[in-house]
There are 2 protein chains.
Amino acid sequence: MREGPDIARIASLVGDPARANMLNALMGGTALTASELALEAGVSLPTASSHLSKLMDGGLLTLASQGRHRYYGLASAQVAGMIEAITGVAEAVGPKRVRPGPRDAAMRVARVCYDHLAGEQAVAMLDRLFDRKLLLREDNQIRLSSSGASHFTALGIETRAKARRPVCRACLDWSVRRSHLAGTLGAAILDKIIAEKWARREKDSRAVVFSPKGRQAFERVFLA
Amino acid sequence: MREGPDIARIASLVGDPARANMLNALMGGTALTASELALEAGVSLPTASSHLSKLMDGGLLTLASQGRHRYYGLASAQVAGMIEAITGVAEAVGPKRVRPGPRDAAMRVARVCYDHLAGEQAVAMLDRLFDRKLLLREDNQIRLSSSGASHFTALGIETRAKARRPVCRACLDWSVRRSHLAGTLGAAILDKIIAEKWARREKDSRAVVFSPKGRQAFERVFLA
DNA sequence: CGCATGGTTCGATCCTTATCGAAGCATTCC
DNA sequence: GGAATGCTTCGATAAGGATCGAACCATGCG
C-alpha cells in the first residue's frame, strides 16, 4: 500500500465515458449547463446530474449559478492540463476511435462549438474583427465597438445581450489553440451562416462544411 | 456523444487504486516484478497479474522478460508525465489521504521501500557510499567496488547477487526526489539495521524509526 | 397564482469488474 | 529428474457504481 495524493480518485472520475465526454466538452473553455452536458455525454439528465455532482465533489469543476441556469466549467487550467496529458497518452497508445479522414480535417477547418463557430475559419475571423476594430480587447474581455455594433446590425445580426450571457466572449479553440468568438454574437454569426446556407452542419458531427459560394460570402463579410 | 481519443479508457486504467499504486511505484523509473508490484499495491498475486495485463493492454507498461522474472516498467515518459499531471491535480484538490503529522515527517526521514531503506537517511547514505568509493557509478548503473565488497563483508553484510537480482540498484526517492540504494545490498543493509535494533518499523506504516543510539551507530557505519 | 422549464434527488435495476483460492505453466536450482 | 520459485489463468463471489423513470425543488413567465 502506498500513500500520497489520491490519484486513483481523480483518475477514476475521468475514467467514466460519460464524465470524460463532459470534461472533453468543457475543454473549450465555455461553461455549459447540465442539459447541454447530458446531451454531449449521451446520457439522461439525472445521470448527468449525478456525474456532475461527483465531478464537483472531486474538485474538477466549478459551478456558476445564473438564475435557473447552472453553468459548469473546468475548475482550473491545471485540470485542463491533466486532461490534455491524458488525451496525449490516449492518442499515442490508441487505436483511435474516430475513423481518420475527411471528416476530421473538416472539423479542423470549421466546426460548431456549442452554439458558435470554431476551427481555423473562426480563429481567422476573430483576428480580422479585431483588425477592423469592430471588436475591441478590454482587460481580457472582448467588447463590441460602436462601429462593430452598426456593422453587425447592418448585416441583420442582433447584438443584444440576453439573459446574462455576454455578447462577446473568447473561447479557446481546441485544434488551433487560439481564441475564437463565443457569446451571443458568436452564436448569431453562426446562425446567419446557417440561415444564409453558406454552410451546413454535418450529420452526427460537429463539422461545418462551407459551400464554395458560401465560403466566398463568408470571407467577403467576415474576413475582408 | 463525442469522438476523439479514448481518454476514459486510459483514465479508468489509472482509476483503480491497485493499479494507481503500481503506477506510482513505477514512477521511480525502476522496473519491478509482478510480486513486488503486488506487495506495493497491497493485493494478491493473481489480482496484480490481472491488473498488469490490463495495463499492458492499455499500452501503459512495457515488459522485459528475464528468465523467470518479468520486469514491468512505465511505457514512456509521456505516461509518466500524465501520472504527474494527475498527481498534481490530486494534490491540489485533495484532502490528502494521509493524516499529516509526526508519522508523515518520520516517513520523510526514513521508510521502507519494499525491502530497502528510503527517505532522507537513505539518500544521504548513498551519497556517502559514493564519496567513500565503496560504490561506483557505471553508465547509469551502480557497481560495488572491491573496497566496498570487503567493507560490507566486514560488517557481516552479504553482497552476493541472488537470482538475477542486482546487488546495487538506484531507486528514485519519492520524498527527496533523488536516488537511494536498492538491490540485494540495499535489502541487506535494511536487514542489518533491523537486526541490530538500530531502528524498528512502525506498525502498519512504512516509517522506520531510529533509536538515538541506533542513529549514532547508523551514522558511524554508513554516514561517516 | 398557475404553468413551464431547468435541475436534482430517490429508488430500483443491472452490469461491470475487482478480488482471491486453487490449479496450471514456465523457468531455474539442486 | 524432481523440487522450488515466479507468474498467469480459471472459476466463483461480491461489491461498486452507472443508469433511468418518477417524483420532487427552484426559478422565471404570463
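Naming: A, B, ... by sequence-line order, numbering from 1 per chain. For the numbers below, each heavy atom of this structure counts, side chains included, while hydrogens, waters and symmetry mates do not.
Spacing between atom CE of B:Met22 and atom P of C:dA18 amounts to 11 Å, rounded to whole angstrom units. Taking atom CG of residue A:Leu37 and atom P of nucleotide C:dT8, one finds them 10 Å apart after rounding to whole Å. Distance CG (A:Asn21) to P (D:dT19): 10 Å, rounded to an integer number of Å. With rounding to whole Å, A:Leu45 atom CG is found 15 Å from D:dA22 atom P. B:Arg9 places its CZ atom 16 Å from the P atom of C:dT16, with the value rounded to the nearest Å. Atom P of nucleotide D:dC20 and atom CG of A:Asp16 are separated by 11 Å, given to the nearest angstrom. Atom OH of B:Tyr71 is separated from atom C1' of D:dT8 by 18 Å (rounded to the nearest Å). B:Leu13 has its CG atom 14 Å from the C1' atom of C:dA18, to the nearest Å.
Distances shorter than 4.0 Å separate some side-chain N or O of A:Thr33 from OP1 or OP2 on C:dG7. A close approach under 4.0 Å does not occur between any side-chain nitrogen or oxygen of B:His51 and OP1 or OP2 of C:dT17. Contact between the side-chain N/O atoms of A:Tyr72 and the OP1/OP2 oxygens of C:dT8 is found at a separation under 4.0 Å. Of the side-chain N and O atoms in A:Thr47, one or more sit less than 4.0 angstrom from OP1 or OP2 of D:dC20. A close approach under 4.0 Å does not occur between any side-chain nitrogen or oxygen of A:Lys54 and OP1 or OP2 of D:dG17.
Nearest to the side-chain atoms of B:Ser44 among the listed nucleotides C:dC20, C:dG7, C:dT19 stands C:dC20. Checked against C:dA18, C:dG7, D:dA18, the side chain of A:Arg19 finds its nearest nucleotide in D:dA18. Out of D:dT8, D:dA18, C:dT19, the shortest distance to the side chain of B:Arg70 is found at D:dT8. The listed nucleotides are D:dT19, D:dA18, C:dG7; the one nearest the side chain of A:Ser35 is C:dG7.
As judged by a 4.0 angstrom heavy-atom cut-off over every strand, B:Ala48 is placed among residues making no nucleic acid contact.
A donor-acceptor contact shorter than 3.5 Å links the side chain of A:Ser145 to the backbone of A:Leu134. Distance alone, capped at 3.5 Å, places no donor-acceptor pair between the B:Lys54 side chain and the B:Arg19 backbone. For A:Thr87 (side chain) and A:Ile83 (main-chain N/O), a donor-acceptor pair under 3.5 Å exists by modelled atom type.
With rounding to the nearest 0.5 angstrom, the CD1 atom of B:Ile193 is 6.0 Å from the CZ atom of B:Phe222. Rounded to the nearest 0.5 angstrom, B:Leu37 CG and B:Asn24 CG are separated by 11.5 Å.
Toward the 5′ end of DNA chain D lies the nearest nucleotide of A:Ser12, the other residue of the pair A:Pro46 and A:Ser12 mapping further downstream.
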